[in-house]
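Structure first, then comments.
A note on names: the letters A, B, ... follow the listed sequences, proteins ahead of strands, and every chain is numbered from 1.
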Protein chains: 2
Amino acid sequence: MTFFLRRKIHQMNIVSYNLNGLRSALSKGLADWVATAQPDVLCVQEIKAGRELLDVSRLTDLGYHAYLHPAQKPGYSGVATFSKEKPLAVTEGCGQALYDTEGRVLRLDFAHCAVLNTYMPSGTSGPERQAFKVEWLHFFRRYVAGLRAAGVPPLVVAGDFNCCQRELDLHNPKANQKSPGFTPEERQWFQNLLADGFTDSFRHHHGDAPQRYSWWSYRAGSRARNVGWRLDHLLVDNCLVPHIRHADLLPDVVHSDHCPASLLLEF
Amino acid sequence: MTFFLRRKIHQMNIVSYNLNGLRSALSKGLADWVATAQPDVLCVQEIKAGRELLDVSRLTDLGYHAYLHPAQKPGYSGVATFSKEKPLAVTEGCGQALYDTEGRVLRLDFAHCAVLNTYMPSGTSGPERQAFKVEWLHFFRRYVAGLRAAGVPPLVVAGDFNCCQRELDLHNPKANQKSPGFTPEERQWFQNLLADGFTDSFRHHHGDAPQRYSWWSYRAGSRARNVGWRLDHLLVDNCLVPHIRHADLLPDVVHSDHCPASLLLEF
DNA sequence: CGTCTTAGG
DNA sequence: CCTATGACG
């Protein structure tokens, strides 16, 4: 008879989900799905409401700690992270008022990793916001580099990036070379971010699987025809790659124009 | 065998209906109801859209002539009258810019009567609008007197009066002595208007029938409990009283927070 | 509570 | 198309 001596396995199931309104998603049964899926960390974006208007008891009743980082403007943007385990530290915002008033970053630090929930700006409403987005993207790389230098635990960057890198990340790459979210500048930025030492967990797990998207326009029945984009990502610090057990997109889960992206880490 | 010599009977079925949005009401099947009810003259209030946004083909396809008098402000107020018979004359507004920009009066003249479609101001949004309403009410009596003096055909005043006169016209008269729509001032005004030579066709036909309302708040399930007010009226010039054949409220017709009020005249 | 609006996506 | 808002009722 042989005995194996090993430490206790710790699994972390992390989900990123742009809800297009937390209240709307709750009204469509979000809490029931969460009760079934049981993510350990649930990062949501576009909560579109502040603390006064939000009732997250349906989620805290499931045993989650709730951390909200709403935008200043009513009905706009905002992120929230729900965690089964109480984090060692919570950091609201990135220290830049320009971004923090828009509720775009929320970090939870755990023993084995830090989960950085982010909602990156959309550029679709015009050139002004596209310029704002590009500035944010450059800021974000510097910001992440600073976190690393400061000794924050290895990062999981979870969120709606509002951009993707490769042609197979969207249904119609040819027609969208100039569209916000797939400009050469944004694709290059994404590549640079990966070169900084991050891994796209979905691609790591699924290779070049085509037609796997996380967002579909509400218009023209895009979702039914799978005319989508992969905008929601779970990037991990390269040092976490050996811990990836699974990564996926859950297009059958429908509370929003996005679907959840999930990642299972094992420590 | 006996022969009766008599002129051809002419019936006019007139309906007044506050739609709380003509587009919304159409989306709930208004045209199907109109096709069944076949009013000769349909007076609607709160159309809440201008000509560019409205598609009334579902009604004109039923054989109606359409006359619109929208407000200037988008999504606000406005009246429209639909008539099977082409009127002899159509008068948009009352000549007062203060009221005509809010789309509150539209008159169609026929051989036997004139149908004055009116949406009287609501006072519920504050004392400023209640004062505006009271000024309107006084103006309206003078205006109607002027029409009479000018030799307009005998009037049917059809519309949402946003007020009622007697305690049996609302579910909770005691609690609403100071509420806009049932203030002593408005009740007195209503009595004065009747004293000017008008008859409330519903009361003429139904006497003191209680609990007959035309509006219910959307809040707190008021309509299911019949907690309502009778705000929509078809007043007729006293000279038309011998022609009243029927008058009613149709609470089972639901496209709005109001229900239709109807009047059958025979000439 | 519900129909409009406008902003944002 | 969809979720927010704010005005109005």
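Summarising the geometry, the separation between CD on A/Gln45 and C1' on C/dG9 is reported as 14 Å, rounded to the nearest angstrom. In this structure, CD of A/Glu102 is placed 8 Å from P of C/dG9, rounded to the nearest angstrom. Rounded to a whole Å, the CE atom of A/Met120 is 17 Å from the C1' atom of C/dG9. What separates CG of A/Asp257 from P of C/dG8 is a distance of 17 Å, to the nearest Å. Distance B/Tyr119 OH to C/dC4 P: 13 Å, rounded to the nearest Å. Taking atom CG of residue B/Leu19 and atom C1' of nucleotide C/dG2, one finds them 14 Å apart after rounding to whole Å. The CZ-C1' distance, from A/Phe132 to C/dA7, rounds to 16 Å in whole Å. Rounded to whole angstrom, the span from the NZ atom of A/Lys133 across to the P atom of C/dG9 amounts to 10 Å.
Residue B/Arg223 has no polar side-chain atom (N or O) positioned under 4.0 Å from OP1 or OP2 of C/dG2. Of the side-chain N and O atoms in B/Ser24, one or more sit less than 4.0 angstrom from OP1 or OP2 of C/dT3. Checking the phosphate oxygens (OP1, OP2) of C/dG9, no side-chain nitrogen or oxygen of A/Thr124 falls inside 4.0 Å. Contact annotation: A/Lys73 reaches the phosphate of C/dG8 (side-chain N/O to OP1 or OP2, under 4.0 Å).
Residue contacts shown for B/Asn20 are limited to sugar-phosphate atoms, with no base heavy atom under 4.0 Å away.
Note that the first and last nucleotides of DNA chain D, 5' to 3', having any atom under 4.0 angstrom from a heavy atom of chain B are D/dC8 to D/dG9.
Nearest heavy-atom pair, B/Gln177 versus B/Pro184, reported as atom, atom and distance to 0.1 Å: O-CD, 3.5 Å.
In this structure, A/Phe161 and A/Trp189 have tilted ring planes: the angle between them lies in the 30° to 60° band. Ring geometry for A/Trp33 versus A/Tyr17: interplanar angle over 60°, hence perpendicular rather than tilted (30 to 60°).
A salt bridge links B/Arg212 and B/Asp248; the closest N-O separation between the charged side-chain nitrogens and carboxylate oxygens is under 4.0 Å.
The distance from atom CG of B/Asn20 to atom NZ of B/Lys28, rounded to the nearest 0.5 Å, is 7.0 Å.
Remark: of the listed residues A/Asn18, A/Asp232, A/Asp257, A/Asp232 is the sole one forming a side-chain hydrogen bond (donor to acceptor under 3.5 Å, both in side chains) with A/Ser214.
Of the two residues near DNA chain D, A/Ser217 and A/Leu53, the one whose nearest nucleotide lies more 5' is A/Ser217. Take the nearest nucleotide of DNA chain D for A/Gly21 and for B/Arg219: the residue whose nucleotide is more 5' is A/Gly21.
Centroid-to-centroid, the aromatic rings of B/Phe140 and B/Trp136 come within less than 6.0 Å.
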